[in-house]
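To start, the structure itself, in structure tokens.
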Amino acid sequence: MAFYVTTPIYYVNGEPHLGHAYSTIAADILARHHRQRGEDVFFLTGTDEFGEPVAQQAEREGVTPRELGDRLAPRFKEMAAKVNASNDFFIRTTDEGHQRRVQEVVQRVYDNGHVYEGMYEGWYCPRCADFKTEAEIEDGNRCPIHKIELTREKEKNWFFRLSAFQEELEKLYAERPSFVEPGFRRNEALAFVRQGLQDVSLSRRRLKWGVPVPWDTDQVIYVWFDALLNYYTALSYARDGEDLTPLFWPAFHILAKDILKFHAVYWPAFLMAAGIEVPKGMFIHGFLLMEGHKMSKSLGNVLDPDQVIEMFGADALRYYCFREVSFGRDGQISPQGFEARYETELANEYGNLANRSLSMIGRYRDGVVPSADPEAELASAFEGVVERVRGLLDESELTHALDEIWKLVRRLNQYVEETAPWKLAKDETDSERLDSVLYGLAEGLRVTTLLLHAYMPDTTGRLLDALAEPDRGLPEFGSRGGGQILAELDPLFPKLQKAQ
RNA sequence: GCCGGAGUAGCUCAGUCGGUUAGAGCAGCGGAAUCAUAAUCCGCGUGUCGCAGGUUCGAGUCCUGCCUCCGGCACCA
């Protein structure tokens, strides 16, 4: 089995923020989970560097677009590393390998007769060197950036015959209901297609910052087509001298709702036109909202992932994002909420569960997990849980899967109270029961922790080491006997000093 | 305007094919315990299930109308 998951490629007209990290973490959790299943996984992220907005941002900063990309791409690369993303490659659309492959695919679409020359007419800003949409034009027919008056211009463009794919797209949605998830996003895409599709321009003549159209080098490919193709092109050159496409294509995409249309409509149509298999599917997530607003620089409500990671660690951030907000929907986040979940759930419930379990095995059994059978009462709480989590993650239900796992954490704390090992330890006749209880705790903790491993790779790794569990695959409750010698473990989620 | 979704406990939400006293987490109040990062566990809810009708033996769950909010509606990263 192979699993290929992608994040959107991030646009280099600004610094990375939590919104980018969110998509990356989501894809990473899926990638790690599929590796736990023993599958061949390829996980891609990267940067989108062509197009008008980058050219403009570069102009504002007095640098070339290339220089802007060279400065910002490493920032996004660092961000991926900081959130502990296990991506197998980092693509930049300025890569030679990408550009070459884009030209090949676009040429194929052209050869297949899905491209024609047309006239694009619209409001043009000479400073931007591009056309403006009706929505962006400011009062007085002015450019929103340069504030100068726009002129009505025409330009010869190459157009992609998107309209020809309406029927095929409808068929795709009908035959593969999970192609776009969650379902309400699929409905949006479907409604959009049913209204009728208009051809879209595939190239820009006046803009120079892009991949040249192979049969007409006076023009560059419209940034969206070059950008989407990253998912396909990366496989062809990510490994020197090896084409991974046959192994990993088609991809599964993670993206936010603002780019649904491009991914759910343009993208599969374009692939069909090129004669390439459409993606396996895609999951569209919502926005993380701070104080009710989308995070944006202009609103000044950006939650800086660097800061959060420095204080709480990457795992805590990874956990919080998918615990607090139901994945797929918009949701509120806040520093207060973050601290509350860190303290009550990570430190008190989970961290302390690990601590007390290890401590009791240390105290009552010299740090060796007893060889015993778990009590049925505890075992039943774990019945079928791995399958449920797998099933939920197959549907990218990151939050629901985490809910399911967290019930185990709570069940284990309950179990400790119910069985009160400290009482059992006082009476020699309860020795056998105590073995059973302590074994159950160690085993339950192991299973729970392996399930959490995709979400919080670092801390769970530390705990698994302490549990003397070398394996990182998906577990089964009761599959491991006792006898392991436990190691010392520092608190997984130390409480912060209360700030004054 | 058109299409779609949502309106359930103070807050965030779950309620599958209509069926027993409508649930969870958080917050709040009370209690137990001491293995543990003073961490945990137990108990406590008089909710017009947006409003008004209707179908049904029976509706949060289906139908109609209305109110409120949100999203999508073509080239916007």
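Residue numbers begin at 1 in each chain, while the letters A, B, ... track the order of the sequences.
- Considering Phe338(A), Phe312(A), Trp406(A), Tyr350(A) in turn, Trp406(A) is the only one that fulfils the ring-ring contact (aromatic ring centres under 6.0 Å, His included) rule with Tyr319(A).
- A ring-centre distance under 6.0 Å is found for Phe327(A) and Phe283(A).
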Listing time: all N or O pairs from protein to nucleotides 26-33 of chain B that are below 3.5 Å?
none

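- Nearest nucleotide to the side chain of Tyr222(A), out of C75(B), C41(B), U37(B): C75(B).
- The listed nucleotides are A39(B), U37(B), A74(B); the one nearest the side chain of Asn348(A) is A39(B).
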Practice prompt. For the pair Asp70(A) and Arg92(A), evaluate salt bridge (charged side-chain N to carboxylate O under 4.0 Å, His left out) and give the outcome as yes or no after the intermediate values.
Written response: CA-CA 10 Å; Asp70(A) 285 346; Arg92(A) 296 181 57 181; 2.7 Å; yes
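- Looking at heavy atoms from C-beta onward, Glu375(A) lies in side-chain contact with Thr419(A) at the 4.5 angstrom threshold.
- RNA chain B is contacted by both Glu324(A) and Val416(A); Glu324(A) maps to the nucleotide lying nearer its 5′ end (nearest heavy atom per residue).
- If you check U40(B), G71(B), A39(B) against the side chain of Lys495(A), the one that comes closest is A39(B).
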Fill in: Arg71(A) vs Glu61(A), salt bridge (charged side-chain N to carboxylate O under 4.0 Å, His left out): CA-CA, chis, key distance, verdict
CA-CA 12 Å; Arg71(A) 196 184 76 225; Glu61(A) 298 186 19; 3.0 Å; yes
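- Rounding to whole angstrom units, CZ of residue Arg411(A) and P of U40(B) are separated by 17 Å.
- Atoms CG (Leu346(A)) and P (G25(B)) sit 18 Å apart, rounded to a whole Å.
- A gap of 25 Å separates the C1' atoms of A6(B) and G45(B), to the nearest Å.
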Practice prompt. Let me have a per-nucleotide readout for nucleotides 1-6 of chain B, 5' to 3', with B, S or -, counting only protein heavy atoms under 4.0 Å.
Written response: ------
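- With hydrogens and angles left out, the side chain of Asn355(A) and the base of A36(B) share no donor-acceptor pair within 3.5 Å.
- Rounded to a whole angstrom, the distance from the P atom of U46(B) to that of C3(B) is 42 Å.
- Closest to the side chain of Arg204(A), from the set U37(B), A74(B), C75(B), is C75(B).
- G72(B) and C63(B) have their C1' atoms separated by 26 Å, given to the nearest Å.
- Residue Phe192(A) is the one, among Ile259(A) and Phe192(A), whose nearest nucleotide of RNA chain B lies closer to the 5' end (criterion: closest heavy atom).
- Taking all atoms of both residues into account, the shortest heavy-atom contact from Leu271(A) to Pro279(A) is CD1-CD, 3.6 Å.
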Worksheet entry | From CA spacing to verdict: side-chain contact (heavy atoms from CB on, under 4.5 Å), His285(A), Leu255(A) | CA-CA 6 Å; His285(A) 69 249; Leu255(A) 52 129; 5.8 Å; no
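- For the P atoms, the distance from G10(B) to A74(B) is 40 Å, rounded to whole Å.
- U20(B) and G58(B) have their P atoms separated by 14 Å, with the value rounded to a whole Å.
- Remark: Thr233(A) engages His98(A) in a side chain to side chain donor-acceptor pair (under 3.5 Å) (not counting sequence neighbours).
- Rounded to an integer number of Å, the gap from CH2 of Trp406(A) to C1' of G25(B) is 13 Å.
- Contact between Val220(A) and Leu207(A) at its shortest, heavy atoms only, is CG2-O, 3.3 Å.
- Listed nucleotides G72(B), U37(B), A39(B) differ in distance to Phe493(A); the shortest reach to its side chain belongs to U37(B).
- Screening Arg204(A), Arg205(A), Arg206(A) for a salt bridge (charged side-chain N to carboxylate O under 4.0 Å, His left out) with Glu155(A), the sole residue that qualifies is Arg206(A).
- With sequence neighbours left out, the salt bridge (charged side-chain N to carboxylate O under 4.0 Å, His left out) criterion links Glu417(A) to Arg356(A).
- With a cut-off of 3.5 Å on both pairing distances, the Watson-Crick and G-U wobble pairs of RNA chain B assemble into stems of 3 or more at B:1-7 with B:67-73, B:10-13 with B:23-26, B:28-32 with B:40-44, B:50-54 with B:62-66.
- We find that Glu387(A) and Arg390(A) are not joined by a salt bridge, their nearest charged nitrogen and carboxylate oxygen being 4.0 Å or further apart.
- For Gln195(A), taking side-chain heavy atoms from C-beta onward, the closest of the listed nucleotides A36(B), C73(B), C75(B) is C73(B).
- Among residues two or more places apart in sequence or in another chain, the ring pair (Phe, Tyr, Trp, His ring centres under 6.0 Å) test is passed with Tyr232(A) by Trp249(A).
- One finds no side-chain N or O of Gln332(A) lying less than 4.0 angstrom from the OP1 or OP2 phosphate oxygen of U12(B).
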